[in-house]
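What follows is a short report on a single structure.
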Amino acid sequence: MIFEKIAQDAQSNARCGLIYTNHGVIETPIFMPVGTIGSVKGIYHKDLKEDINAQIILGNTYHLFLRPGLNIINKAGGLHKFISWDKPMLTDSGGFQVFSLAANRKITEEGCTFRSHIDGSKHTFTPENNVDTQRMIGADIIMALDECTPGDAEHSYALKSLKLTQRWLERCVTHFDNTQPLYGYKQFFFPIVQGCVYPDLRKMAAEHAVSLNRDGYAIGGLSVGEPTEKMYEMIEVLHPLLPLDKPRYLMGVGTPANILEGIARGIDMFDCVMPTRNGRNGMLFTWEGMINIRNKKWAEDFSLIDSLGTSFVDRTYTKAYLRHLFVAGEMLAAQIASEHNLAFYLSVVKEARMHIKAGDFATWKTVAVKKLETKL
RNA sequence: GGGGAGAUACCAAAGUGGCCAACUGGGGCAGACUGUAAAUCUGCUGGCGUACGCCUUCGUAGGUUCGAAUCCUGCUCUCCCCA
């Protein structure tokens, strides 16, 4: 057993739990900072651990496969050792790149052939070699190779795509069960439930994935262009279909408000590039709302970045100073904003856990979401 | 004192009779960003208007012309060379 539920909100599907891995225990609901290429952009591990309180981070199979390549990661003794991160890690399979690098790939029954965005070289991911690759990278949780369909896909295409994802999933599972971890610790495998915005397809996908009896289940193909309400609707459709004793991971989501709404609908794990990417682009998330720190209105605001913030950057730097750094193009600007946002995201899920345990999550969430969506 | 070059919007810099409210870059202002091809991308940047548009602009004062940032004259200022 890798998941233990420890609290359930009375008024919603929100719950608290623990995920046990050989690199440590993860408290859920949790947000996982994204470290695609083996780096959470702009953030030292020390800060990730001590200031942001990250419990698990992501890597990406496609990106790591291309650079530095499996040979180097293997020689290093796996990704944990290569990047000096001793806490849990999860790798995405590259299914999202099937979607985001659509112009550079070709999908067949066998797998997905890519043109490298770096040098144009040709590579093929099959369900089998993708599992092997993730074995070699050595993440604690590895993901199925899937096709992530756009949010506006037609039903007919979404169905065809889902069927392929399901056949790939079966091959992933078979291969996963026939192979062993390379570095002496257990790896868990999560199927990805696709089906676009169509309840019948989501149901079909969930039932199929659950029948394969895996360690946890991911919900993919959301936050890829569909209306936010559709995303919430799909999570609600899936709720009764996924086992309650396994963790649920909503891939690629999202804003702090999206995360609280996801938690209310029973999601345990989230990841998103938003805190780092938007941070680099001058956007800060706070309990009071969202700030575009590059705006002139902050030029003479000498108050702290976030008076309610938990990060040392919140206690150290002022809005006026951070705006100055952004306007001047200083790299410290991106670092401070990323640090703040990640610390904020982790504090959002921490607060959520506290309120679930206290039993007042649903009412607290409604008030919090309204503020989080405000533009300051 | 003599000779030469030049003055264009916040800055730099194109434009040398109508296609010019004026290329382009910087700066400024705003927006986007959701399993990271992103320390990226987009829009606006004389005034009013959502917009067709209207009004005021290319040192300054006049002039030529149907029409001028562009041609002519005076003036002011700047830079370079010689003495």
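Keep in mind that this is a model prediction, so the values were computed, not measured. To find a chain, count down the sequence lines: A is the first, B the second, and so on, and within it residues start at 1.
For the 3.5 Å distance criterion, the side chains of A/H80 and A/Y185 qualify, holding a donor opposite an acceptor. Counting only N and O atoms by type, the side chains of A/Q335 and A/D47 include no donor and acceptor under 3.5 Å apart.
When the side-chain nitrogen and oxygen atoms of A/S223 are compared with OP1 and OP2 of B/U34, none of them lie within a distance under 4.0 Å. Applying the 4.0 Å criterion to OP1 and OP2 of B/A32, one finds that A/R280 has every side-chain N and O outside that range. Applying the 4.0 Å criterion to OP1 and OP2 of B/U34, one finds that A/R277 has a side-chain N or O inside that range. Phosphate contact (OP1/OP2 of B/A30, side-chain N/O of A/K375, threshold under 4.0 Å): absent. Residue A/N278 places none of its side-chain N or O atoms closer than 4.0 Å to OP1 or OP2 of B/C33. A sub-4.0 Å separation between OP1 or OP2 of B/A37 and a side-chain N or O of A/Q97 is present.
We find that CZ of A/F190 is positioned 18 Å from P of B/G35, with the value rounded to whole Å. One atom, CZ of A/F114, and another, P of B/U36, lie 12 Å apart when rounded to the nearest Å. Here B/U40 presents its C1' atom at 15 Å from CE of A/M283, a figure rounded to the nearest Å. One atom, CG of A/L372, and another, P of B/U34, lie 19 Å apart when rounded to the nearest Å. Atom CG of A/L325 is separated from atom P of B/A39 by 18 Å (rounded to the nearest Å). Straight-line distance from the CG atom of A/N104 to the P atom of B/A37: 11 Å, rounded to whole Å. A/Y62 places its OH atom 12 Å from the P atom of B/U36, with the value rounded to the nearest Å. Straight-line distance from the CZ atom of A/R115 to the C1' atom of B/A37: 16 Å, rounded to whole Å.
Across every strand in view, B/G6 sits in a pair with B/C77 that passes the Watson-Crick or G-U test at under 3.5 angstrom. Judged by Watson-Crick or G-U wobble contacts below 3.5 Å, the nucleotide B/A37 has no partner. Of all nucleotides present, none satisfies the Watson-Crick or G-U wobble test against B/A68 with each distance under 3.5 Å. The partner of B/A14 cannot be assigned: no Watson-Crick or G-U wobble pair with both contacts below 3.5 Å exists in any strand. The partner of B/G1 is B/C82, judged by Watson-Crick or G-U wobble contacts that both fall below 3.5 Å. B/C48 is paired with B/G53 under the criterion used here, namely a Watson-Crick or G-U wobble arrangement in which both key atom distances are under 3.5 Å.
The gap from the C1' atom of B/G47 to that of B/A38 amounts to 37 Å, rounded to the nearest Å. Spacing of C1' atoms, B/G17 relative to B/U24, comes out at 23 Å, to the nearest Å. Using atom P as the reference point in both B/G4 and B/U73, the two lie 14 Å apart (nearest Å). For B/G28 and B/C79, the P atoms lie 29 Å apart once the distance is rounded to whole Å. Taking the C1' atoms as reference points, B/G15 lies 10 Å from B/C58, given to the whole Å. With both ends at atom P, the span from B/G26 to B/C44 equals 15 Å, rounded to whole Å. Rounded to whole Å, the C1' atom of B/C10 lies 36 Å from the corresponding atom of B/C66. Nucleotides B/G59 and B/C81 place their C1' atoms 24 Å apart, quoted to the nearest Å.
Taking the six-membered ring for Trp and the full ring otherwise, the centers of A/Y62 and A/H117 sit less than 6.0 Å from each other.
Using a 4.0 Å heavy-atom criterion, one finds that A/V224 contacts no nucleic acid atom at all. Nucleic acid contact for A/G221: base, since at least one base atom lies under 4.0 Å from a heavy atom of the residue. Counting any heavy atom pair closer than 4.0 Å across all strands shown, A/T276 reaches a base atom. Within 4.0 Å (heavy atoms only), A/Q194 reaches at least one base atom of the nucleic acid. Among the atoms of the strands shown, only primed sugar atoms or phosphate atoms (P, OP1, OP2) are found under 4.0 Å from some heavy atom of A/L58.
Side-chain atoms of A/S100 and base atoms of B/U36 include no donor and acceptor less than 3.5 Å apart. With hydrogens and angles ignored, no donor-acceptor pair closer than 3.5 Å exists between the side chain of A/Q134 and the base of B/G35. Taking 3.5 Å as the limit, the base of B/G35 and the side chain of A/N60 contain no donor-acceptor pair of atoms between them. Residue-to-nucleotide contacts include a donor-acceptor pair under 3.5 Å from the side chain of A/R294 to the base of B/G31.
Of the residues in residues 252-268 of chain A, those lying under 4.0 Å from RNA chain B by heavy-atom distance are A/G252, A/V253, A/G254, A/T255, A/N258.
Between A/E154 and A/K160 there is no salt bridge, since no side-chain nitrogen of the basic residue lies less than 4.0 Å from a carboxylate oxygen of the acidic one. Ion pair A/K230/A/E233 flagged as a salt bridge, since at least one NZ, NE, NH1 or NH2 atom sits closer than 4.0 Å to an Asp/Glu carboxylate oxygen. A salt bridge between A/D86 and A/K49 is present, with a side-chain N of the basic residue lying under 4.0 Å from a carboxylate O of the acidic one.
In the set B/U36, B/A38, B/G31, the nucleotide with an atom closest to the side chain of A/H63 is B/U36. Distance from the side chain of A/R323 is smallest for B/C29 among the nucleotides B/C29, B/A37, B/G31. For A/N281, the side-chain atoms get nearest to B/C33 when compared with the rest of B/G31, B/C33, B/G35.
The aromatic rings of A/F344 and A/H340 sit parallel to each other, their planes meeting at less than 30°, with 60° as the upper class boundary. Between A/F189 and A/F176, the angle of the ring planes lies from 30° to 60°, which puts this pair in the tilted group.
The residue among A/A334 and A/G95 whose nearest nucleotide of RNA chain B is located toward the 5' end is A/G95.
A/H45 is linked by a ring-ring contact (aromatic ring centres under 6.0 Å, His included) to A/W85, counting only residues two or more places apart in sequence or in another chain.
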Should A/N295 and A/K319 be marked as a side-chain hydrogen bond (donor to acceptor under 3.5 Å, both in side chains) after you check the CA-CA gap, both sets of side-chain angles, and the distance that decides it? CA-CA 10 Å; A/N295 287 177; A/K319 295 185 182 78; over 6 Å; no

Evaluation steps, side-chain hydrogen bond (donor to acceptor under 3.5 Å, both in side chains), between A/T363 and A/D360: CA-CA 6 Å; A/T363 47; A/D360 65 346; 5.2 Å; no

